[in-house]
Amino acid sequence: MIVEQAGKAMSWSILAKVARFVAMPLSYIVIVRSLGEHDWGVLNVLRTITAFALIIVMLGGEKAVLRYFPEVRVKGGMRSLLSDLGRLAAVQAAAWAALTVAGYLSGDWLASLFHQDPSVFGRYIVIALGLVLFEAGMTLTMNVLQSWYETRRMAIVMVAGNIIYIVLLIFLMKYRAGVAGVLAAGGAVNLLMILLLVPVLVKLTGKMAGDDVPGPGAGRILKYSLPFVATGLLNQIVWRHSEVLFLGHFSGMEAAGHFGLAYRIPQMALEFIPLSIWPIVMAGISEAYAREPGKLSESVDLYFRLLFLLVVPVAAMGFAFSAPLIPILFGAEMAPAGDITRLFFVVFSYSFLYTPLSMALYVMEKSWVNMLVFAALAIVNIGLDLAFIPRFGLWGAFFPVAAVMLLAVMIFRTVAGRFDSRLSIPAGFIARCYLAALPTALLGLSASRWDSPIALAAQMLIGVFLLFAGVKLLRLFGEREKALLMRLPIPLKEKIVSIL
């Protein structure tokens, strides 16, 4: 029953993610072309600041609802849990208010830090931090619905919300609403989606709110949720583009905008599939480990194979065609982001070498190890940023990311091996994946010369053909990989398996 519910929920969840995946590039095109490179850089700085603020405001509550709503459905205690979450929400609101007031009071200082007009940048800071409340509310709403497997309504609302967001952006950009208009569009759509989904939450929780069974308790909830604040902040430094802040200070908003675009596009493209399948893989590996701990290494090996079968083709296409596509899609001003975008497709592809190992540590209940590793990586990341960005600007921001991702692979390989010596990276298989994608990646040479939209479209078709040929020639798709793909909730998987 649980598996069937989870499968149906995952299908609707993926629909919502596909809608977001399609909407984000379209919104970027509208925003970047409307704002220009300077204001796009300002928006990236603001979004980076609010990303840190969101983690603090959430206090790990989004993880707590995923953990404890399923528990009280089984054991009871809904009224107690709702009461505890209400108190947590009050603390979250206080944290949000404090951060917003702090943003207002520090507006002039932040403006001077990024060499901006205080009257303008200070207003942007207050608007951005104020709208974090709606983003936090939407995150909690989605996670509560997912904890009940009620993703159908959520998916429909998110698809509609993404459409409304694009339309609203076009309208506001037409009337030159600028950075404030972009922020307002996001906040308005978040609020609208919350209002549409809250009745579903009330109906779900109301069915069980009459019991008097003790819930998990506020202390237990906070003990579980608060560590996610530290982990989230560390991940924001290591895995998100914190370099934008340093570039905004040392090199100007234009450089911050170029880097933000170069970082976001590859990360969005490469993370889409892994993030979609992560819950399925995590559940599968956890169940396998519970049944036979000795087979954890086999599960991790399969996860490696699945990841790189899915990620490397996207990375190859991105490496080949992203540089000439950047000025076509986003305007000539963003051309400096092209070469770095191309290289980030490579960097983010090899960063997945540590993802299965990190997951294995979570499965073995060694989450504290992940936190310590990310703390060390964050320190190295910031140190390299301060050493290279002031001297080398945009390229000085690229090197720390590439170096830290490589360091992460080496550390996780060593640390994971200490807890289970059988855990390893299937280097031969991964090397064959890259070899199969190499002819497609080499189309970057021709794409640099023949870079008209029609020529690029033709070369991209050739690239897809070369990918299929490489996969079949090197026999990357064996029986185990077929079985894994058939378990994913994606359309046309039978056709894909038959072709490969």
Side-chain angles (χ1 to χ4, degrees), residues 63 227-228 230-240 266-267 270-312 314-315 344-381 400-434 476 480-481 484 487-488:
K63 301 295 193 300
F228 286 103
T231 304
L233 293 173
L234 294 172
N235 282 337
Q236 186 67 27
I237 294 171
V238 175
W239 250 109
R240 304 298 162 187
Q267 190 176 56
L270 292 173
E271 280 189 346
F272 169 65
I273 295 177
L275 286 181
S276 297
I277 68 172
W278 189 88
I280 299 172
V281 175
M282 181 66 177
I285 291 180
S286 297
E287 182 178 347
Y289 182 72
R291 293 177 182 275
E292 293 186 70
K295 290 192 174 182
L296 177 62
S297 59
E298 181 180 340
S299 300
V300 168
D301 181 82
L302 287 173
Y303 186 28
F304 267 118
R305 292 170 184 271
L306 178 60
L307 266 183
F308 280 86
L309 275 173
L310 297 173
V311 165
V312 171
V314 179
F344 268 137
F345 272 100
V346 178
V347 171
F348 291 141
S349 72
Y350 72 65
S351 71
F352 286 101
L353 285 167
Y354 78 77
T355 303
L357 300 175
S358 176
M359 178 180 283
L361 292 172
Y362 280 119
V363 170
M364 291 187 286
E365 299 184 352
K366 307 295 181 183
S367 56
W368 59 271
V369 177
N370 279 310
M371 185 182 297
L372 290 177
V373 171
F374 278 113
L377 292 173
I379 293 170
V380 173
N381 203 146
V401 178
V404 167
M405 292 299 176
L406 186 60
L407 180 62
V409 174
M410 293 187 289
I411 292 177
F412 274 106
R413 174 65 188 90
T414 302
V415 171
R418 293 289 181 90
F419 292 100
D420 188 338
S421 60
R422 291 165 297 186
L423 292 174
S424 62
I425 298 173
F429 177 82
I430 293 171
R432 285 161 54 211
C433 287
Y434 279 106
L476 295 178
R480 290 192 298 175
E481 290 76 24
L484 279 172
R487 292 175 62 185
L488 300 181

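The structure presented is a predicted model; accordingly, all values stated were derived computationally and were not measured. All values below come from the heavy atoms of this structure, side chains included, with hydrogens, waters and symmetry mates left out.
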Checking side-chain contact (heavy atoms from CB on, under 4.5 Å) for the pair V415/L357: CA distance, chi angles, key distance, verdict?
CA-CA 9 Å; V415 171; L357 300 175; over 6 Å; no
Could you walk me through whether F352 and Y303 satisfy the ring pair (Phe, Tyr, Trp, His ring centres under 6.0 Å) test, starting with their C-alpha distance in whole Å, then the side-chain angles of each, then the deciding distance to 0.1 Å, before giving a yes or no?
CA-CA 10 Å; F352 286 101; Y303 186 28; 9.1 Å; no
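Interatomic distance, L270 CG to F345 CZ, rounded to the nearest 0.5 Å: 5.5 Å. The CE atom of M405 sits 7.5 Å away from atom CG of N381, with the distance rounded to the nearest 0.5 Å. Within the model, atoms CZ of F374 and OG1 of T231 stand 8.5 Å from one another, a figure rounded to the nearest 0.5 Å. Expressed to the nearest 0.5 Å, how far CG of L406 lies from CE of M410 amounts to 4.5 Å.
The heavy-atom pair separating P266 from F344 by the smallest distance is CG-CB, 3.7 Å. The shortest heavy-atom contact between A378 and L234 is CB-CD2, 3.8 Å. Of all the heavy atoms in V300 and A360, the pair that sits closest is CG2-CB, 3.9 Å. Listed here is the closest heavy atom pair of A408 and L377: CB-CD1, 3.6 Å. Across F348 and V401, no two heavy atoms sit closer than the pair CE2-CG1, 4.3 Å.
With sequence neighbours left out, R422 forms a salt bridge (charged side-chain N to carboxylate O under 4.0 Å, His left out) with D420. With sequence neighbours left out, P426 forms a side-chain contact (heavy atoms from CB on, under 4.5 Å) with D301, F304, R305, F429, I430. Residues passing the ring pair (Phe, Tyr, Trp, His ring centres under 6.0 Å) test with F228 are Y224, sequence neighbours excluded.
Contact check for V404 versus V238: side-chain heavy atoms found under the 4.5 Å cut-off.
Using bins of under 30°, 30° to 60° and over 60° for the plane-to-plane angle, the ring pair F412/Y354 lands in the parallel bin.
Remark: the backbone N or O of T355 is not paired with any side-chain donor or acceptor of S358 at under 3.5 angstrom.
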